[in-house]
2 protein chains.
Amino acid sequence: MDESEYLAQYDHHKYPQPFVTVDAVLFAFHEKALNCLLIKRTNHPEQNKWALPGGFVHPTEDASLEATAVRILKDKTGIRPPYLESLKAYGNATRDKRGWSVTTTYVALMAYRECAPTSNRVSEAQWINVEELDGMELAFDHAAIIRDALERLRQKALYSLIPVYALPAKFTLGELQHLHELLIGKPLQKKSFRRRVEQADLLNDTGETKIVGKRPAALYSVKKGAADYNFVRNIGM
Amino acid sequence: MDESEYLAQYDHHKYPQPFVTVDAVLFAFHEKALNCLLIKRTNHPEQNKWALPGGFVHPTEDASLEATAVRILKDKTGIRPPYLESLKAYGNATRDKRGWSVTTTYVALMAYRECAPTSNRVSEAQWINVEELDGMELAFDHAAIIRDALERLRQKALYSLIPVYALPAKFTLGELQHLHELLIGKPLQKKSFRRRVEQADLLNDTGETKIVGKRPAALYSVKKGAADYNFVRNIGM
DNA sequence: GCAAAAAGTGTCTTTATGCCACTATAAATG
DNA sequence: CATTTATAGTGGCATAAAGACACTTTTTGC
């Protein structure tokens with residue numbers, strides 16, 4: 001049998017197979033807290049529980065897993081998040097009552113915006129402060145997935161400026177530092193933080209300022225490619 | 001409809017679905033080179049090409065994706081590798097001619113051993129020096145997967161001792177340093193390397209020595225939990 | 001004007017790596 | 001058996017980046 005014959009007769013539905021979904025953990029910084037976008041499930045299984053935005057691959061519509069993730073997030077938020085990174089796959093016999101299932105997961109960051117302007121769909125989307133997640137019963141193994149995503153982001157906060165993508169396009173160094181402190185779980189030296197940021201040369205001073213309470217703070221934007229920069233040393237340790 | 005009714009009528013084969021495989025990138029250090037275990041494919045598709053050890057999930061046999069990876073690697077090497085870590089999932093419409101497919105991947109490390117003692121199977125397993133991979137045409141997108149796995153390991157070599165799991169149970173500091181230099185791609189200061197290793201306190205001096213050429217070198221073994229340790233600063237930068 | 005509070009800086013200390021020369025140990029050589 | 005040689009392993013100062021913390025600056029609100 002040559003390859004074309006083999007492919008002609010091949011049908012993977014003949015074998016028992018897990019089914020595949022894509023789930024995304026989307027974070028945004030808002031009101032001094034890190035928020036995670038969750039969806040109230042209206043359908044079985046896990047009906048009425050909060051879950052990560054996710055869904056099945058649409059084989060004819062999606063070119064890749066990442067395209068699936070982008071489609072799902074755009075559906076819920078109206079935009080394509082500026083930061084999207086692959087997390088690991090979770091798969092076992094019990095995580096979904098429908099059977100052996102695999103979910104391939106992504107971490108995404110974006111600026112906070114009132115959620116779901118385009119999501120006039122069946123399901124309700126809402127930003128949840130990650131501090132409040134512990135008390136909530138989430139669908140499937142999504143609590144564990146969010147924990148892993150947070151841990152990943154926490155690590156990145158130690159040696160990169162990746163968290164900046166969870167801020168608006170223009171932000172102050174104070175806001176950026178607060179976000180890092182939130183992730184790392186302890187206060188950082190203002191001087192150390194600013195020195196690193198300056199040396200890395202990843203931000204543009206927009207010239208504008210923002211008055212929060214007292215002295216106005218300079219507003220910065222992220223340079224292109226900032227996501228690729230890693231410091232050689234961790235902060236806050 | 002309640003949940004049990006929903007589950008009773010649910011059949012995901014009704015919807016077009018990608019199929020899922022698991023592939024593992026297994027590295028071992030041998031003869032001053034990093035080697036990667038590859039399998040010569042005997043079946044369609046990609047017949048006669050070299051590929052990563054991998055395969056389908058066996059839903060009745062495997063409790064999880066990780067269990068699938070362990071089963072596949074044990075099949076090929078006879079052992080359960082001491083280091084196994086999840087890499088990302090790769091999925092798109094074109095990577096496998098059979099259709100929209102997803103592979104969930106793992107990076108594994110183990111001590112080199114003559115391969116496939118238990119693998120009296122259809123396929124031929126062989127260690128390939130990673131330097132020689134560039135000239136080979138690998139099946140599917142496995143070349144890209146190996147590149148990503150190597151990049152991950154290279155990063156880990158900068159801030160951890162993870163590569164130690166690609167060495168035999170007892171090894172010298174010289175061997176460990178050579179492996180790190182191979183991964184990082186440049187020579188390291190002997191003093192810096194040894195200082196880090198000592199301060200981290202991740203190794204046991206076995207009291208034994210190994211004579212390679214001249215002065216015998218102390219043999220060390222890895223302490224439990226060494227995989228979890230991260231240095232606060234990268235080496236070699 | 002003056003207090004308050006957050007923005008932003010100067011500078012010394014601390015920590016870990018870079019660098020490089022030095023000593024130690026065993027095999028090989030003649 | 002002394003000497004060479006090659007690798008194992010150490011001492012010690014230089015350098016780079018973070019930690020600590022006091023200080024100045026800029027604005028608001030009284």
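Chain letters run A, B, ... following the sequence lines, proteins first, then strands; residues in each count from 1.
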Flag for B:Thr68-B:Asp62: side-chain donor and acceptor within less than 3.5 Å: yes
Find out whether the Lys NZ or Arg CZ of B:Arg95 is both under 6.0 angstrom from the six-membered ring centre of B:Tyr90 and within 45° of the ring's axis. no
Starting from P on D:dT10, measure out to CZ on B:Phe193 and report it in whole angstrom. 14 Å
Atom CG of B:Asn230 and atom C1' of C:dA16 are separated, to the nearest Å, by 16 Å
Please give, in whole Å, the distance from C:dA5 C1' to A:Lys210 NZ? 17 Å
What's the verdict on salt bridge (charged side-chain N to carboxylate O under 4.0 Å, His left out) for B:Lys186 and B:Glu181, showing C-alpha distance, side-chain angles and the deciding distance? CA-CA 5 Å; B:Lys186 65 176 173 183; B:Glu181 287 172 336; over 6 Å; no
It should be established whether B:Arg233 places a side-chain nitrogen or oxygen under 4.0 Å from OP1 or OP2 of nucleotide C:dT17. no
Would you check if there is a donor-acceptor pair between the side chains of A:Thr103 and A:Asp23 at a distance under 3.5 Å? yes
Could you write nucleotides 21-30 of chain D as a row of B, S and -, 5' to 3', where a protein heavy atom under 4.0 Å of any base atom gives B, of only sugar-phosphate atoms gives S, and otherwise -? B---BBSS--
In terms of ring plane angle, is the pair A:Tyr83 and A:Tyr165 parallel, tilted or perpendicular, where the classes change at 30° and 60°? parallel
Plane angle bin for B:His142 and B:Phe140 - parallel if under 30°, tilted between 30 and 60°, otherwise perpendicular: tilted
Both A:Gly236 and B:Thr172 contact DNA chain D. Which one's nearest nucleotide lies toward the 5' end? B:Thr172
For atom CZ of B:Arg195 and atom P of C:dC19, their distance in whole Å: 11 Å
Round to a whole Å and report the spacing from CG of A:Leu158 to C1' of D:dA17. 15 Å
Please determine if a side-chain N or O atom of B:Arg196 lies less than 4.0 Å away from the OP1 or OP2 oxygen of C:dT17. yes
Could you go step by step and tell me if A:Lys88 and B:Glu85 meet the salt bridge (charged side-chain N to carboxylate O under 4.0 Å, His left out) rule? CA-CA 9 Å; A:Lys88 65 177 186 177; B:Glu85 183 202 352; over 6 Å; no
Round to the nearest Å and state the distance from B:Arg194 atom CZ to D:dT10 atom P. 6 Å
Separation of A:Glu198 atom CD from C:dA7 atom C1', in whole Å? 14 Å
Return the value, rounded to whole Å, for the distance between atom OH of A:Tyr159 and atom C1' of D:dA17. 19 Å
